[in-house]
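All figures in this text were calculated on a predicted structure; none of them were measured in a lab. FYI, the numbering just counts along the sequence from 1.
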Amino acid sequence: MNDLFIRIARQSDTTEIRDLVHKATDKCYTPPDYTKVCIDFMKDHHSIENISKAIAEEYVLVAEIDNKLIATGALNCQQIHRVFIDTELQGTGIGRAIMAELEKEALRQGRHEVTLHSHIPPTGFYQKLGYIITEEMSKDIGGFTLNFYEMKKKL
């Protein structure tokens, strides 16, 4: 991707990150794997407040093409999270580029292993990058079960 630009997120990116995450959640996290209650829970988790706090406290990246925010990902200690790619651009290498930058930062911070929580749709993507499932997990969301995996990778 010649015109892909990856940079540290700024507070002014908060709304665009939230909109990107919510759009991808609506498109990729669908029944029967996810109920509306679980989808709403995930979208609430990726709120303006939580994204703003992450930008202030964590290593948060955004990717842009032609000044349009098209991807994001974050590193908090050794955990990678909130990796989302514009649904029209998934499969183009942008997710791989974001993950590579997050892993480089983890190494720079002295981490030799990273973890992440993966929902069902992106699990295959992470496995292609060398992540292995270490635990099947679930969370009760108002009487519904949200299933996900803990995954790890040695750097």
With rounding to the nearest 0.5 Å, note down the distance linking [atom1] in [X] to [atom2] in [Y].
X	Y	atom1	atom2	value
Tyr59	Glu101	OH	CD	6.0 Å
Thr87	Lys27	OG1	NZ	5.0 Å
Arg111	Glu105	CZ	CD	10.0 Å
Asp140	Cys38	CG	SG	9.0 Å
Thr30	Ile39	OG1	CD1	7.0 Å
Gln127	Ile132	CD	CD1	10.0 Å

(message) Would a single hydrophobic cluster contain both Phe5 and Ile85, if residues Ile, Leu, Val, Met, Phe, Trp and Tyr are joined by side-chain heavy-atom contacts under 4.5 Å?
(response)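 Different clusters: Ile85 never reaches Phe5 through Ile, Leu, Val, Met, Phe, Trp or Tyr contacts under 4.5 Å.
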(message) Under 4.5 Å between side-chain heavy atoms, counting indirect links through other Ile/Leu/Val/Met/Phe/Trp/Tyr residues: same cluster for Ile133 and Met99 or not?
(response)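 Linked within one cluster.
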(message) If you compare all heavy atoms of Ala24 against all heavy atoms of Tyr29, which two are closest, and at what distance to 0.1 Å?
(response)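 Smallest interatomic distance, heavy atoms only, reads O-CD1, 4.1 Å.
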(request) Of all the heavy-atom pairs spanning Val60 and Ala54, show the shortest one and how long it is. (result)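 Heavy-atom minimum between the residues: CG2-O, 3.5 Å.
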Hey, does [Y] have a side-chain heavy atom less than 4.5 Å from the side chain of [X]?
X	Y	answer
Asp13	Arg10	yes
Cys28	His119	no
Leu116	Val114	no
Tyr131	Ile80	yes
Ser52	Gln11	yes

Show every donor-acceptor pair shorter than 3.5 Å between a side-chain atom in residues 148-155 and any protein atom, with sequence neighbours excluded, or say none if there are none.
| from | atom 1 | to | atom 2 | distance (Å) |
| --- | --- | --- | --- | --- |
| Glu150 | OE1 | Thr134 | OG1 | 3.1 |
| Lys153 | NZ | Glu103 | OE1 | 3.2 |
| Lys153 | NZ | Glu103 | OE2 | 3.3 |
| Lys153 | NZ | Leu129 | O | 2.7 |
| Lys154 | NZ | Glu113 | OE2 | 3.1 |

(message) Run Glu136 and Asn147 through side-chain contact (heavy atoms from CB on, under 4.5 Å) and show every step you take.
(response) CA-CA 8 Å; Glu136 290 185 27; Asn147 295 308; over 6 Å; no
(request) State which residues pass salt bridge (Lys or Arg N to Asp or Glu O under 4.0 Å) with Arg96; sequence neighbours excluded, sorted by chain then number. (result)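 Listed in chain order: nothing, the list is empty.
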(message) Which residue is it: Ile6, Ile65, Asp86? I am looking for the one with a side chain to side chain contact (heavy atoms under 4.5 Å, CB included) to Ile94.
(response)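 Output: one option passes, namely Ile65.
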(request) Have a look at Phe84 and tell me which of Ile98, Thr25, Ile17 forms a side chain to side chain contact (heavy atoms under 4.5 Å, CB included) with it. (result)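 Among Ile98, Thr25, Ile17, the one that satisfies the side chain to side chain contact (heavy atoms under 4.5 Å, CB included) with Phe84 is Thr25.
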(message) Quick one: does any side-chain atom of Tyr34 pair with a main-chain N or O of Ile120 as donor and acceptor, under 3.5 Å?
(response)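 Answer holds: yes.
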(request) Look only at the side chain of His46 and the backbone of Leu20, and say whether a donor-acceptor pair between them is shorter than 3.5 Å. (result)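 Looks like no, no N/O pair under 3.5 Å.
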(request) Apply side-chain contact (heavy atoms from CB on, under 4.5 Å) to the pair Asn67 and Glu64, showing each step before the final yes or no. (result) CA-CA 5 Å; Asn67 295 316; Glu64 297 175 325; 4.3 Å; yes
Contacts under 3.5 angstrom, residues 70-78 side chains, donor-acceptor by atom type, not counting sequence neighbours:
| from | atom 1 | to | atom 2 | distance (Å) |
| --- | --- | --- | --- | --- |
| Thr72 | OG1 | Leu61 | O | 2.8 |
| Asn76 | ND2 | Glu58 | OE2 | 3.4 |

(message) side-chain contact (heavy atoms from CB on, under 4.5 Å), that's the test. Do Lys36 and Phe144 meet it? Break it down for me.
(response) CA-CA 10 Å; Lys36 182 176 178 351; Phe144 294 93; over 6 Å; no
(message) Pair Ile51, Arg82 - check side-chain contact (heavy atoms from CB on, under 4.5 Å), show working.
(response) CA-CA 9 Å; Ile51 292 168; Arg82 198 177 285 118; 3.7 Å; yes
(request) Before accepting this row, confirm whether a basic side-chain N of the pair Asp19/Lys23 lies closer than 4.0 Å to the acidic partner's carboxylate O. (result)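 A salt bridge is absent here (no side-chain N lies under 4.0 Å from a carboxylate O).
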